[in-house]
Structure formats: structure tokens, C-alpha cells
Protein chains: 2
Amino acid sequence: MDVTARIPHHSPACMKVSQVLSRIGDKWSVLVIMMLRERSHRFSELKRGIDGISQRMLTLTLRNLERDGLVTRTVTPSIPPRVDYELTDLGHSLAEPVQALGAWAIQHLAQLDAARARYDAQGRDLEPGPEMTRTA
Amino acid sequence: MDVTARIPHHSPACMKVSQVLSRIGDKWSVLVIMMLRERSHRFSELKRGIDGISQRMLTLTLRNLERDGLVTRTVTPSIPPRVDYELTDLGHSLAEPVQALGAWAIQHLAQLDAARARYDAQGRDLEPGPEMTRTA
DNA sequence: CGGTATCCTTTGCGATACTG
DNA sequence: CAGTATCGCAAAGGATACCG
């Protein structure tokens with residue numbers, strides 16, 4: 001499928017993007033998906049690998065991903081118990097466009113920060129004349 | 001000293017994806033970007049084109065996109081005033097991977113919903129034995 | 001080890017009213 | 001037309017404690 005194909009803004013396509021983002025657009029889901037891209041990980045590995053995530057949020061994030069069929073949860077009832085998480089085929093297919101977004105992020109995040117710094121710096125009590133302003 | 005440096009799964013890529021998502025992963029940004037993909041729009045057009053968005057949130061969303069250098073805001077001081085919003089080059093470059101995610105959404109959102117329905121249906125008062133469970 | 005349960009603060013966002 | 005100001009609720013998410 002041609003990824004550059006035009007999607008009219010009134011089409012259900014935009015709504016679908018929004019719905020997908022409302023699922024994986026939270027604070028941690030993408031990090032989990034990225035971390036599971038290469039191989040499965042157990043709970044504690046994910047917890048240590050994702051800096052700053054709380055146990056509670058890792059659990060919730062994984063539950064939601066499992067609910068959406070993006071990851072599998074495999075319980076090995078040993079002592080101590082072991083639980084492994086792995087991307088499903090669906091999860092892997094999602095990881096691709098997410099990775100594309102990641103590539104964009106790597107290339108352009110600096111520009112975002114620069115633009116933000118510029119915007120914030122200029123925003124203070126400047127009183128430009130009544131001419132047309134073009135802010136970018 | 002960076003305490004996170006020794007953690008192997010901490011590639012900068014993942015962090016950057018997160019930062020980008022924390023910017024455009026809100027409820028409305030992607031809708032605005034998608035709507036501006038083809039041509040510029042004025043405020044009221046965006047408001048009417050994006051179903052359900054409040055005036056306040058459209059303003060805030062546009063401000064943040066402008067701050068990040070993703071859209072330009074062009075004021076024409078006529079009466080009544082006219083303000084046009086347009087994607088920058090940076091904004092257009094972001095629209096591409098977002099579009100890729102949109103394509104994925106079109107193809108797979110139904111599977112997400114189906115998986116969710118399955119998960120929700122099965123979740124109630126099942127008491128599986130101590131055997132290994134594989135949930136997908 | 002891999003969770004739940006509870007509490008509490010922060011953030012997001014809609015509704016409404018007002019303005020140049 | 002294109003905002004800004006204020007309010008208030010609801011969801012997100014962190015901290016901590018407890019459990020099989």
C-alpha cells in the first residue's frame with residue numbers, strides 16, 4: 001500500500017489514526033513496544049529497561065497492549081514465577097510505522113527543540129508593530 | 001554522571017520517539033496535522049473540520065504546533081480578522097510517518113477492536129488451573 | 001518475582017463567558 | 001472571526017504498602 005496516498009481529512013482514516021494514538025499514545029506503550037521489538041522480555045527486564053516507569057504503570061501498559069492483541073503474556077508457574085511478554089504479529093506490524101516515526105524523531109527532534117527555544121525566547125514582552133506577523 | 005548509561009535497552013531512539021509522542025500524541029494534534037496536509041486552513045475551517053474539538057483546545061493545539069515549528073500562523077489584520085495556519089516543511093516531513101501510522105490504522109484497527117472484544121469477553125470469572133496459560 | 005490495592009497529586013480537556 | 005479567562009470535572013499516573 002502506498003503510504004503517501006492522500007487521506008482526506010473528513011475520511012474515517014483520520015479518526016482511525018486518532019483511535020490508534022489514543023491507545024498507544026500514552027506515556028509508556030511505545031517504549032514497551034520498542035523494547036519488545038527484537039525479542040521477548042520478562043516483567044522485571046522491562047521494568048529495569050524502561051527508565052522511570054512504575055510497577056503499576058508497567059502492569060497497566062502491558063495489560064492494555066495484551067488486550068489489544070499487540071503482546072502475548074506467557075506465564076511460567078515456577079518458583080519464583082516467571083512471566084514473559086512478546087510482540088504478536090500484529091504488534092510487530094505496528095512496530096514498523098512506529099519505527100518510522102522513531103526515525104523521524106531522531107532526525108528532527110533537535111529542530112523541534114530549537115523551534116521551541118526560539119518561540120519561548122521571543123515570546124517575552126515584545127511589542128511588534130501592526131504589520132503582518134509570520135511566526136514559524 | 002548518567003546513571004542510565006549502563007542500561008543496555010536505553011537507545012536514544014526510544015527516548016526520542018517518546019518525546020515526539022508526548023508532543024503530538026495528544027487528543028487533537030494529529031487531526032490538525034492531517035487536515036493541514038494538503039493546504040492551509042483558517043481557524044474556523046479547522047474548527048468546523050475537526051469534529052468535537054473545542055475552541056480552547058484548537059487554540060492550544062495550534063499554539064503548541066506553532067511552538068514546535070510544525071505550523072505557521074499567518075495573521076491578516078483585516079476586519080473581520082483572518083488567521084491562516086499552514087504546515088511548515090518540518091510539519092510536512094512529520095506528516096509522512098504519521099500518514100504511515102494512519103495506513104496501519106486503516107488496515108489493523110478492526111483487529112485491535114476484535115482482540116479487545118475477545119479479551120473483555122473472556123476475562124470474566126475464568127478460573128484456569130495451574131497449567132501454563134498463553135494469552136494472546 | 002510479578003503482581004494488586006489504595007491514596008493522592010497532576011494533567012487534560014470540555015463548558016461557558018467575555019473581548020478586540 | 002479568532003481568540004482569552006476562568007472554572008470544574010475526570011482521567012492519567014506516581015508512591016507506597018501488601019500479597020501469592
Side-chain angles (χ1 to χ4, degrees), chain A residues 18-19 21-32 35-36 40-67 71-86 123 127-130 132-135, chain B residues 18-19 21-32 35-36 40-67 71-86 123 125 127-135:
Chain A
S18 288
Q19 289 182 54
L21 277 180
S22 76
R23 279 159 149 118
I24 63 151
D26 61 89
K27 195 170 180 182
W28 303 110
S29 291
V30 161
L31 288 180
V32 171
M35 190 158 168
L36 291 176
S40 70
H41 288 275
R42 46 192 303 190
F43 187 88
S44 50
E45 288 177 329
L46 291 167
K47 173 113 175 55
R48 276 189 304 272
I50 301 173
D51 190 54
I53 195 171
S54 65
Q55 192 155 321
R56 170 186 140 84
M57 285 317 295
L58 180 55
T59 300
L60 287 179
T61 301
L62 287 167
R63 284 285 177 277
N64 282 326
L65 292 176
E66 186 195 358
R67 185 153 97 111
V71 307
T72 59
R73 177 174 182 266
T74 306
V75 179
T76 308
S78 55
I79 297 181
R82 176 195 181 100
V83 181
D84 287 276
Y85 292 91
E86 187 173 10
E127 191 58 40
M132 181 177 112
T133 51
R134 172 103 178 189
T135 319
Chain B
S18 288
Q19 290 181 54
L21 275 181
S22 77
R23 280 158 149 117
I24 63 150
D26 61 88
K27 194 171 177 180
W28 303 109
S29 291
V30 161
L31 265 342
V32 171
M35 190 156 167
L36 290 176
S40 70
H41 288 274
R42 45 192 303 188
F43 188 87
S44 51
E45 288 176 329
L46 291 167
K47 174 113 175 52
R48 274 189 302 273
I50 300 172
D51 191 53
I53 195 171
S54 66
Q55 193 154 327
R56 170 186 141 84
M57 286 316 296
L58 180 55
T59 299
L60 288 179
T61 301
L62 287 168
R63 283 286 176 278
N64 283 326
L65 293 176
E66 185 195 358
R67 186 154 95 110
V71 306
T72 59
R73 176 173 181 270
T74 306
V75 179
T76 308
S78 56
I79 297 182
R82 175 195 180 100
V83 181
D84 286 274
Y85 293 91
E86 186 174 11
D125 32 62
E127 191 59 39
E131 65 240 318
M132 181 177 112
T133 52
R134 174 103 179 191
T135 319

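The sequence lines fix the lettering, A, B, ..., with proteins before strands; numbering per chain opens at 1.
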Spacing between [X] atom [atom1] and [N] atom [atom2], to the nearest angstrom:
X	N	atom1	atom2	answer
Leu62(B)	dC13(C)	CG	P	14 Å
Arg82(B)	dC1(D)	CZ	C1'	11 Å
Asp84(B)	dC1(D)	CG	P	13 Å
His41(A)	dG2(C)	NE2	P	13 Å
Leu60(B)	dG12(C)	CG	P	10 Å
Met57(B)	dG12(C)	CE	C1'	7 Å
Trp28(B)	dT11(C)	CH2	P	22 Å
Ile53(B)	dA15(C)	CD1	P	12 Å

Query raised in the report: Once each nucleotide of nucleotides 15-20 of chain D is scored for protein heavy atoms under 4.0 Å, what B/S/- sequence comes out, 5' to 3'?
Result: B----B

Query raised in the report: When rounded to the nearest 0.5 angstrom, what distance separates OG in Ser18(A) from CZ in Arg23(A)?
Result: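 The distance works out to 12.0 Å.
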
**Report entry** Spacing of Ser40(B) atom OG and Arg73(B) atom CZ [to the nearest 0.5 Å]
**Finding:**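 Interatomic distance, Ser40(B) OG to Arg73(B) CZ, rounded to 0.5 Å: 14.0 Å.
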
Report task. Kindly give the heavy-atom pair with the smallest separation between Met35(A) and Gly49(A), and that separation in Å. Result ->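 Here Met35(A) and Gly49(A) meet closest at CE-CA, 3.6 Å.
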
Report task. Pick out which of Leu60(A), Asn64(A), Thr59(A), Leu58(A) makes a side-chain contact (heavy atoms from CB on, under 4.5 Å) with Leu62(A). Result ->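 The single option meeting the side-chain contact (heavy atoms from CB on, under 4.5 Å) with Leu62(A) is Leu58(A).
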
**Report entry** Sub-4.5 Å side-chain heavy-atom contact between Leu46(B) and Leu36(B)
**Finding:**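 Side-chain contact under 4.5 Å: yes.
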
Report task. Tell me which nucleotide among dA2(D), dC13(C), dG2(C) gets nearest to the side chain of Val83(A). Result ->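 Closest nucleotide to the Val83(A) side chain: dG2(C).
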
Requested in this report: Return the nearest nucleotide to the side chain of Arg63(A); candidates are dG13(D), dC1(D), dT4(C).
Outcome: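 Of all the options, the side chain of Arg63(A) is nearest to dT4(C).
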
Report task. Could you tell me whether the side chain of Thr76(B) and the main chain of Ser78(B) form a donor-acceptor pair under 3.5 Å? Result ->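 No; zero donor-acceptor contacts below 3.5 Å.
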
Query raised in the report: Is the backbone N or O of Ser54(A) less than 3.5 Å from a side-chain atom of Lys47(A), with the two atoms forming a donor-acceptor pair by type?
Result: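 No: the side chain of Lys47(A) does not pair with the backbone of Ser54(A).
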
Query - Side-chain N or O of Lys27(A) closer than 4.0 Å to phosphate OP1/OP2 of dG14(D) - result: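 For dG14(D), OP1 or OP2 has a side-chain N or O of Lys27(A) closer than 4.0 Å.
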
